[in-house]
Amino acid sequence: MSFPLLTATAAVPALGAIATAAVPAAKRTAAKWLALLFSLATLVLAAMVAVRFTPGAEGPFQLTESHAWIKDFGVRYELGVDGIAVALIALTALLVPFVILAGWRDADPMEDREPNRRWRPTQGFFALILAVEAMVVISFEATDVFLFYIFFEAMLIPMYFLIGGFGDRAGSGGEEHSAALRSQAAVKFLLYNLAGGLIMLAAVIGLYAATADQLGSGTFSLTEIVQARADGKLALGTGTERLLFLGFFFAFAVKAPLWPLHTWLPGAMGESTAPVAVLITAVVDKVGTFAMLRFCLQLFPEASSWATPVILVLALISILYGALLAVGQRDIKRLIAYASISHFGFIIMGIFAMTSQGQGGATLYMVNHGISTAALMLVAGFLISRRGSRLIADYGGVQKAAPVLAGTFLVGGLATLSLPGLAPFVSEFLVLVGTFSRYPVVGIVATAGIVLAALYVLVLYQRTMTGPVKAEVRAMPDLKARELAVVAPLIALLLFLGVYPKPLTDLVNPAVDHTLSVVDQHDPRPDVPVKADAEAAK
């Protein structure tokens, strides 16, 4: 039996979570190093997955593992990865060590500053981060719908405690007020996502019943269902398929988040620590958009095409709505949250443009958005921890007091607005090109999001980093060695993938082509005939 690499990639952070939580209470530093060690081991395993994966090889999934789990209900422990999953597993494994380093002191007790605050277990904070990583990784690997559903829902539990129990200490209104806001944000996050998950559960059961009726025995296997459809053995009725699609899509749209199901995100990110906010938007939310590609499109191709016009309108609203609200924000972290809503609109628009450029760009956008948002949010977290405030108005002239901090903040902001030469530009350009080729009006209107992004990023930088130096920031220290170790690699990646995205495009394009073939969609022919067609016409 070959080494179960995919299982190991998810199991290592899960074991790390258990080991970290078991560290004695007095050994906080040991718990931190242990969590970092397990996250780095996961990164090594994710790199092995990427090395062993062969882009363009025969079959939709590689490194597959399949074992009987609940035989009576057709549930299998079935794992496999395509290029899209490999890219997102690598993103997750890459970001978690930076999240741990950035949050090195976020859960330490601060009795001197907060004498009435109950001690928050440092071990629990880092154990929960590793638990989230394990569940996200196996969600990217699962090819059994029921297995995916279990971890899609289970990751809500550690995220709930990370938001509500280890929230931002820079809130205003006193400790009791901040604790109430954190609790409210955590409950809203949980309720929204649980509601989506319950609707998806009904659709999962409906899918099983449909396969049992037509195949003789029910199955949750994605590969079996897709193959049965291709062979003509499974034909869901139009009404049934559309209802099942809506059940799946609703849950993924909440997680993504897509307007109007987005309202949990600004509160969750605003009341979380900066590392946890990165975990939410750069890691967890990607499961929603990934699942749209893997499950919505491949399980329900006709319904996906049927719903495309409405979804494109919702994505367009997300792009403009998120950008407009980001322009008017006074809170740094909430501004980044609304910017992420706008970016997820671009990702979903690319997915449902049903073109190779659009879906390839959307996949790149998932990766590049994760890196750029992590860079910007983590630097913002370092800034907020120094000043003790999230309000933009409390800053001014930071670049004179902490030039390295201001410079890294600027690069993260420029990546967020998709400046050419930085990684997000390539993905945003492909999404717009892919959308315009099939839906030109949608593509044209979506470009307004780029203009608004430039506005909210540059205004944010101007108000916080330039101008007269405020007295409260005059003595602000610059980035320290640990903080530079967090930010520098992310900026290097933004620059590298901005000028040379080929490794990522080569990885994801075969998976995109497979998805389009399952949905029976092809890139539209250009209106202008190519040279060969012109010569043939002569």
Side-chain angles (χ1 to χ4, degrees), residues 1 4 6-11 14 59-82 85 131 134-158 193-252 254-255 287-288 290-304 518:
M1 180 182 295
L6 297 186
T7 294
T9 308
F61 301 113
Q62 299 179 40
L63 307 178
T64 55
E65 301 174 30
S66 183
H67 307 282
W69 183 16
I70 310 174
K71 291 183 179 181
D72 292 341
F73 296 100
V75 181
R76 299 186 63 81
Y77 177 80
E78 195 169 82
L79 307 179
V81 290
D82 56 10
M135 294 175 186
V136 169
V137 167
I138 202 167
S139 295
F140 291 140
E141 297 172 345
T143 57
D144 182 278
V145 176
F146 191 81
L147 179 67
F148 169 83
Y149 173 78
I150 289 175
F151 290 99
F152 179 80
E153 288 292 275
M155 70 180 71
L156 302 179
I157 299 171
N193 284 274
L194 278 178
L198 289 173
I199 292 174
M200 180 183 170
L201 178 60
V204 169
I205 295 171
L207 179 65
Y208 176 83
T211 58
D213 180 58
Q214 298 192 35
L215 300 179
S217 60
T219 180
F220 294 103
S221 172
L222 174 65
T223 52
E224 290 182 10
I225 294 172
V226 171
Q227 188 60 49
R229 292 188 67 118
D231 295 341
K233 298 178 181 178
L234 178 65
L236 300 176
T238 300
T240 301
E241 179 172 339
R242 292 177 180 181
L243 284 174
L244 294 178
F245 168 86
L246 290 175
F248 277 73
F249 181 79
F250 183 85
F252 303 152
V254 171
K255 185 86 79 180
V287 178
F290 164 80
M292 292 178 189
L293 276 167
R294 172 164 285 189
F295 295 107
C296 280
L297 268 62
Q298 297 193 44
L299 289 174
F300 315 111
E302 187 279 333
S304 298
V518 171

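FYI, side chains are in, hydrogens and waters are out, and symmetry mates aren't considered; it's all heavy atoms of this structure.
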Show your reasoning for whether side chain to side chain contact (heavy atoms under 4.5 Å, CB included) applies to Met200 and Lys255.
-> CA-CA 12 Å; Met200 180 183 170; Lys255 185 86 79 180; over 6 Å; no
If you take all heavy atoms of [X] and [Y], which pair is closest and at what distance?
X: Pro158; Y: Met135; result: CG-SD, 4.2 Å
X: Ala210; Y: Leu234; result: O-CD1, 4.2 Å
X: Ser139; Y: Phe151; result: OG-CB, 3.6 Å
X: Val136; Y: Val287; result: CG1-CG2, 4.0 Å
X: Ala10; Y: Ala134; result: O-CB, 3.4 Å

Sole candidate of Leu147, Ile225, Val75 that passes side chain to side chain contact (heavy atoms under 4.5 Å, CB included) when paired with Phe220 =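 Going through the options one by one, the only one that passes is Val75.
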Might you work through the salt bridge (Lys or Arg N to Asp or Glu O under 4.0 Å) test for Glu224 and Arg76, ending with a clear yes or no?
-> CA-CA 12 Å; Glu224 290 182 10; Arg76 299 186 63 81; 5.4 Å; no
Starting at [atom1] of [X], measure out to [atom2] of [Y] and round the result to the nearest 0.5 Å.
X: Ser217; Y: Lys71; atom1: OG; atom2: NZ; result: 13.5 Å
X: Tyr77; Y: Thr7; atom1: OH; atom2: OG1; result: 2.5 Å
X: Leu243; Y: Thr238; atom1: CG; atom2: OG1; result: 11.0 Å

Review item, side-chain donor-acceptor pairs of residues 290-301, under 3.5 Å, at least two apart:
| from | atom 1 | to | atom 2 | distance (Å) |
| --- | --- | --- | --- | --- |
| Arg294 | NH1 | Phe140 | O | 3.1 |
| Arg294 | NH1 | Ala142 | O | 3.0 |

Check for a donor-acceptor pair, side chain of Gln214 on one end and backbone N or O of Ala235 on the other, with a separation under 3.5 Å.
->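 It does hold such a pair.
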Are any of the side-chain heavy atoms of His67 and Leu79 separated by less than 4.5 Å?
->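 Sidechains of Leu79 and His67: no contact.
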Given side chains that start at C-beta, do those of Arg242 and Glu302 come closer than 4.5 Å, heavy atoms only?
->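 Yes - at least one pair of side-chain heavy atoms lies under 4.5 Å apart.
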Pair listing, side chain to side chain donor-acceptor pair (under 3.5 Å) test, anchored in residues 193-213, at least two apart =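 Residue pairs passing side chain to side chain donor-acceptor pair (under 3.5 Å), neighbours aside: none found.
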Any pair counted as side chain to side chain donor-acceptor pair (under 3.5 Å), so long as it reaches residues 141-153, sequence neighbours left out =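 Pairs touching residues 141-153 that pass the test: Glu78-Thr143.
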From CA spacing to verdict: side chain to side chain contact (heavy atoms under 4.5 Å, CB included), Phe148, Val204 = CA-CA 11 Å; Phe148 169 83; Val204 169; over 6 Å; no
Is the count of non-hydrogen atoms from other residues, nucleotides or ligands lying under 6.0 Å from Phe61 atom CZ greater than 12?
->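 It does: Phe61 CZ has more than 12 such atoms within range.
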Apply side-chain hydrogen bond (donor to acceptor under 3.5 Å, both in side chains) to the pair Ser221 and Thr219, showing each step before the final yes or no.
-> CA-CA 6 Å; Ser221 172; Thr219 180; 4.8 Å; no
